[in-house]
Engineer: 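Below is the structure I would like to discuss, written out as structure tokens.
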There are 2 protein chains.
Amino acid sequence: MKLQINGEVTDKPAVWWDKNSKFVKMIDQTKIPFQVEVFNCPTYRETVQAIKKMIIRGAPSIGAAAAYGLAQAVDEFWDNEDFEDQIRIAYDELLAARPTAVDLKNGLDFIKSDPLTPEGALNRAQFFADRIAEEGLKIGQIGKDLIKSGMNILTHCHTGALALVDNGSALSPIIQAWEEGKRFHVYVDETRPRFQGRMTAWELNQYGIDHTVICDSASGFFISQGNVDLVILGADRVARNGDIANKIGTYNLALISHYHDIPFYTAFPSSTFDSSTPTGKDIEIEQRDSLEVKQALGYSKILNENHVVSLYTENIKFNNPAFDITPNKFITGYITPHGILDKAELEDIMLNL
Amino acid sequence: MKLQINGEVTDKPAVWWDKNSKFVKMIDQTKIPFQVEVFNCPTYRETVQAIKKMIIRGAPSIGAAAAYGLAQAVDEFWDNEDFEDQIRIAYDELLAARPTAVDLKNGLDFIKSDPLTPEGALNRAQFFADRIAEEGLKIGQIGKDLIKSGMNILTHCHTGALALVDNGSALSPIIQAWEEGKRFHVYVDETRPRFQGRMTAWELNQYGIDHTVICDSASGFFISQGNVDLVILGADRVARNGDIANKIGTYNLALISHYHDIPFYTAFPSSTFDSSTPTGKDIEIEQRDSLEVKQALGYSKILNENHVVSLYTENIKFNNPAFDITPNKFITGYITPHGILDKAELEDIMLNL
């Protein structure tokens, strides 16, 4: 990752294993874009908390963090008599940290698919994380041809390097098309409640990619005026039939794009495949804390630091589903490391991986 | 209005004329729901600024404020030699304060429709404002039968007493149905960028009406799950063919409701009729300041006062259309003081008023 802030360039991925300390380390995404800070997880328990608290976000990055977390547990409990029990507990806690991102389960199961040893688990976690980042590059190479100069592209949530260990999913084709010399404009949904659009805007700014941030509810206005040529976004879980779970608001955008005949693509690595889930209806939707909607974290110029304000008075109730399900009928194509697929091809690849 | 905060009940409408000071006074809607404060406009110039800065909001309340503002100008310049020039300037400045709410032009033209005198202009402004509030009551009486116990209703933006001088437009049927003893639940869109949903939630709380605030982009999730039975919202301008301009996000909601066969109603007083505009395509959409999206005003518990935080880093660009156009084909019916109308009836009434 070559993202910079205050002139400093980070050369780190979204999450990594530090050999000396045996800590899992990650860029603290709750601080982005205001500060770039490293968050340390000394044991798997802190890794669980980091996933829960969205210090690490983006389904593939979550998957890599969980894989590293399980490797941490293997290392910690290796000499214990109750090693297997401890690993079972660690697995369950990591799995429960976020319910929707299937990459989390895929990461954990990948670690467990071979006999567990500290070195073996770590190597597998490293391999899992590296493969995600490499697949991000491939997604970009494969998807960039969908983008033509002069286009207006709309994206939702954050699908850049931080979300995908490195390189990005939906942002990868956008970045690679721009680096090839194509010139276009990106509408960035601000993505309430957690404003992941500010991470997307910040990341696009690193490459000088022309963009404007819009309110999520303004998408229909721009689409209906003929100002959007292409929608690309990520996925948190892809069912076998091609239905996807993705950040809340994806369904609205997909339905509106469908109605207006705007091509709608979702981009994701293999870690987001969920071949064991037949359709979107079988996906559990995570309900998150009301405080995500009620409060906003921003930067206070007066205080010269990050500050949380309450957007609402007391005694107001909220309903905060973190994801929604978009049916395959609204999806033009799936941008994967295996090519741009239709739903039949996607299912075929999932079942034969 | 019988809204209370910190135990104090306000008996004031959204905007009024103070006979002693000759000030136009209004509840400062930029402070709601955190504080109830009166904002004073000593001359029409401050009234213009109050409209521009959204201290007063809601198309009908804006119309009433503009009518009072023009009456202020008539009073101020009555003895001047260049009275007519000054009134023309005041009219133009008031008209330009917000481009979309047609109530503004209707209020100004209502003042000018008789020969101008200070007392006459003031009486007409008072009549215009009172009529809006009375129509709000009628809208409630007429619309409340659409609401059944057990329903889930979804609304967008703020359409309560503060938006309509008094009594409300889309909130009026909801409040009256509740006061009749019907029991239901209201989903309140938070309504980015200015979080008008917090005013709606605060106002619903005054009546004990069951509700939850949701992110604007979550509407499709609840609708697609069969959890919404009825959508009611307001309008900022209604074209002759029944197309409406309303708060950004209305189009998304209308299209999604249409796709899922959910009844979609818009409620508004006569001041929102725009018989001179044939269709929604002829309505100018107001672009507002990027800061509305970039920053959030909330309450800081640490500072114990309202505080503005920046949600984005510097050098990010924004596009902030304040309204969108919803075509008549997505609208089930128009809740007006003249009845619940279809588009043909609406046009007929507009042309014969």
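Only this structure's heavy atoms are used, side chains among them; waters, hydrogens and symmetry mates stay out. All values derive from a computational prediction rather than experimental measurement.
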Engineer: Where on A:Glu314 is there a heavy atom nearer than 4.5 Å to chain B: the side chain, the backbone, both, or neither?
Structural biologist: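 Answer is both: backbone and side chain atoms of A:Glu314 are under 4.5 Å from chain B.
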Engineer: Please rank A:Arg192, A:Met199, A:Gln295 by heavy-atom pairs under 4.5 Å with chain B and give me the top one.
Structural biologist: A:Arg192
Engineer: Would you confirm whether the ring centroid of B:Tyr312 sits within less than 6.0 angstrom of the ring centroid of A:Trp202?
Structural biologist: no
Engineer: Go through the side-chain N and O atoms of A:Tyr299 and A:Asn304 and say whether any donor and acceptor fall under 3.5 Å apart.
Structural biologist: yes
Engineer: So which part of B:Lys301 gets closer than 4.5 Å to some heavy atom of chain A, the side chain, the backbone, both or neither?
Structural biologist: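 The side chain, not the backbone.
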Engineer: When heavy-atom pairs shorter than 4.5 Å are enumerated against chain B, which of A:Leu311, A:Asp324, A:Asn315, A:Val308 gives the highest number?
Structural biologist: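 Option with the greatest count: A:Leu311.
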Engineer: Please confirm whether A:Tyr259 and B:Phe330 have ring centers closer than 6.0 angstrom.
Structural biologist: yes
Engineer: If I take atom CD1 from residue B:Ile175 and atom CG from residue B:Leu204, how far apart are they, to the nearest 0.5 angstrom?
Structural biologist: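 The CG atom of B:Leu204 is 6.5 Å from CD1 of B:Ile175, to the nearest 0.5 Å.
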Engineer: Should the ring pair A:His260 and B:Tyr251 be called parallel, tilted or perpendicular, given that the plane angle runs from 0 to 90° and is split at 30 and 60?
Structural biologist: tilted
Engineer: Highest number of heavy-atom pairs under 4.5 Å with chain A: which of B:Asp189, B:Ile285, B:Asn320, B:Val188?
Structural biologist: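 Most pairs with chain A among the choices: B:Ile285.
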Engineer: If you count heavy-atom pairs within less than 4.5 Å of chain A, which of B:Thr250, B:Leu255, B:Asn205 leads?
Structural biologist: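 Sorted descending by pairs with chain A, the first entry is B:Leu255.
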Engineer: Side chain, backbone, both or neither: which part of A:Phe195 has a heavy atom under 4.5 Å from chain B?
Structural biologist: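 A:Phe195 touches chain B through side-chain heavy atoms alone.
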Engineer: Can you label the angle between the A:His307 ring and the B:His307 ring as parallel, tilted or perpendicular, going by 30° and 60°?
Structural biologist: perpendicular
Engineer: Can you tell me how far the CG atom of A:Leu154 sits from the NE2 atom of A:His185, to the nearest 0.5 Å?
Structural biologist: 9.5 Å
Engineer: Relative to chain A, which of B:Leu303, B:Asn306, B:Thr191 shows the most heavy atom pairs under 4.5 Å?
Structural biologist: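 Among the listed options, the one with the most contacts to chain A is B:Leu303.
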Engineer: Should B:Lys294 and B:Glu292 count as an ion pair when the cut-off is N to O under 4.0 Å?
Structural biologist: no
Engineer: Please check if the side chain of A:Arg198 supplies one atom and the backbone of A:Pro33 the other of a donor-acceptor pair under 3.5 Å.
Structural biologist: no
Engineer: Restricting to salt bridge (charged side-chain N to carboxylate O under 4.0 Å, His left out), what partner residues turn up for B:Asp274, sequence neighbours left out?
Structural biologist: B:Arg237
Engineer: Counting heavy atoms not belonging to B:Lys53, are there more than 12 under 6.0 Å from its NZ?
Structural biologist: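 Check fails, neighbour count at 12 or below.
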Engineer: Let's test your reading of the structure: which of B:Pro321, B:Gly298, B:Ser310 forms the most heavy-atom pairs below 4.5 Å with chain A?
Structural biologist: B:Ser310
Engineer: By a 4.5 Å heavy-atom criterion (distance strictly below it), what part of A:Leu253 contacts chain B: side chain, backbone, both, or neither?
Structural biologist: neither
Engineer: Identify which part of B:Phe323 has an atom lying under 4.5 Å from any heavy atom of chain A, answering side chain, backbone, both or neither.
Structural biologist: backbone
Engineer: Considering heavy atoms only, which positions within residues 216-225 of chain A lie below 4.5 Å of chain B?
Structural biologist: A:Asp216, A:Ser217, A:Ala218, A:Ser219, A:Gly220, A:Phe221, A:Phe222, A:Ser224
Engineer: Highest number of heavy-atom pairs under 4.5 Å with chain A: which of B:Ile256, B:Asp210, B:Ile214, B:Val293?
Structural biologist: B:Ile256
Engineer: Are A:His158 and A:Gln29 close enough that a side-chain donor and a side-chain acceptor fall under 3.5 Å?
Structural biologist: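 Result is no, nothing qualifies.
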